[in-house]
Amino acid sequence: MTVLDELRAGAEDFLLLIISSPSGAGKTTLCRKLRAEFPSLTFSVSHTTRKPRPGEQDGREYHFVDRPTFERLVEAQAFAEWAEVHGNLYGTSFAEIERARTNEARGIIFDIDYQGARQIRQRVPDAAAVFILPPSFTVLEQRLRNRASDDDETVRRRLAKARTEIEHYALFDYLIVNEDLDRAYDQLRSIVLAEGARRLRKATLAEVLLRTGALPTG
Ligand code: 5GP
């Protein structure tokens, strides 16, 4: 039984939130704001075979590994989901989700692509999934070109991939258009709050209330 099977089986007050988007839609900025406002939510650190960008640190943005190491982890069934994105392999380890649960986080946020979203949802159907849309392909291209870290070829590859990613919008519960950052963030934080309340409404808490007459505070 994996940690995801346990989460599906139990009525646990633990939020699984998937946030996905084509690169350049502003997901990283939105996630940074979430991290600041909701410190009780842990961000899943994926494994990847991509080379670190300037400023990225092993174990913080990603666990950077080579392809043979990644393939060994796949073989050992260490991943809750994994996929090839833009020619590199990316995956979420079960250990990462375990870590969030044992650290007493209230939930975990996955910044993963639609292929990963599909795999997590298949294992835990009530994981919440949000997709961030750019207001237009022109804006998306501008944002990608403004990123000094990526070369021309990378930008072109990512743009071509954006359409495919957006075509998978139907896998997601929520769509947010990131035209105005503040407005987009307002919607995202409302989703987190509402999803938290959805879990709090679940049977366990109501049962505690019925049995003991009061709920623990906090
Ligand atoms: P980047 O290389 O720009 O950090 O990420 C590229 C894409 O890979 C993003 O769309 C990101 O959401 C996705 N990604 C990052 N980690 C994972 C993961 O663990 N699994 C999957 N399926 N996609 C991931």
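Read the numbers this way: they start at 1 and go in the same order the structure lists the ligands and their atoms. A quick note: this is a predicted structure, and the numbers were derived from the prediction, not measured.
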Do R189's NZ or CZ and the ring of F38 fall within the cation-pi criteria of under 6.0 Å and 45°?
no
Problem - Any N/O pair R53/ligand 1 closer than 3.5 Å - result: yes
Atoms of ligand 1 under 4.0 Å from any heavy atom of G116, numbered from 1 in the order shown, are 22 (N)
For atom 4 (O) of ligand 1, the closest protein heavy atom turns out to be Y62 OH, 2.5 Å
Closest to atom 14 (N) of ligand 1 (heavy atoms only, candidates D111, T92, L89) is D111
Of all protein heavy atoms, the one nearest atom 23 (N) of ligand 1 is D113 N, 3.1 Å
If you scan protein heavy atoms around atom 20 (N) of ligand 1, the nearest is E81 OE2, 2.8 Å
Under a 4.5 Å side-chain heavy-atom rule over Ile, Leu, Val, Met, Phe, Trp and Tyr, are L140 and L133 clustered together?
-> yes
Between R123 (side chain) and A80 (backbone), is there a donor-acceptor pair under 3.5 Å? yes
task = Return yes or no for this condition: an N or O of H86 is under 3.5 Å from an N or O of ligand 1.
result = no
Close approach, Q115 and ligand 1, non-hydrogen under 4.0 angstrom = no
>> Taking I108 as the starting point, is it possible to reach W82 by hopping between hydrophobic residues whose side chains are less than 4.5 Å apart?
In response: no
Fill in: From CA spacing to verdict: side-chain contact (heavy atoms from CB on, under 4.5 Å), F79, Q119
CA-CA 10 Å; F79 291 121; Q119 293 170 55; over 6 Å; no
Check: Is any side-chain heavy atom of P134 less than 4.5 Å from a side-chain heavy atom of I166?
Finding: yes
Item to complete: Would you confirm whether N178, through its side chain, and A25, through its main-chain N or O, come within 3.5 Å as a donor-acceptor pair?
Response: yes
Distance col, row T92:OG1 vs I112:CD1, nearest 0.5 angstrom, shows 5.0 Å
| Can you find an N/O atom of H47 closer than 3.5 Å to an N/O atom of ligand 1? | no
Taking only non-hydrogen atoms of R158 and a 4.0 Å limit, the atoms of ligand 1 in range are 2 (O), 3 (O)
Per-atom filter on ligand 1: closer than 4.0 angstrom to a heavy atom of A83 are 22 (N)
CD (E165) and CG (L171) are apart, to the nearest 0.5 Å, by 11.5 Å
d(R143 CZ, T29 OG1) to nearest 0.5 Å is 8.5 Å
Answer yes or no for S20: is there a heavy-atom contact with ligand 1 below 4.0 Å?
no
Discussion item. Treating E96 as the side-chain partner and S93 as the backbone partner, does any N or O pair qualify as donor plus acceptor under 3.5 Å?
Written reply: no
The closest protein heavy-atom partner of atom 7 (C) of ligand 1 is V85 CG1, 3.7 Å
Atom 16 (N) of ligand 1 sits nearest the protein heavy atom S46 OG, 3.2 Å
Nearest non-hydrogen protein atom to atom 10 (O) of ligand 1, with distance, is K27 NZ, 3.4 Å
So for ligand 1, is S23 a polar contact partner (N or O within less than 3.5 Å, distance only)? no
protein heavy-atom neighbour closest to atom 6 (C) of ligand 1 works out as Y90 OH, 3.6 Å
Taking only non-hydrogen atoms of R50 and a 4.0 Å limit, the atoms of ligand 1 in range are 1 (P), 2 (O), 4 (O)
- Query: So is there a nitrogen or oxygen of W82 less than 3.5 Å from a nitrogen or oxygen in ligand 1?
  - Reply: no
dist T48:OG1 -> L89:CG (nearest 0.5 Å) comes out at 7.5 Å
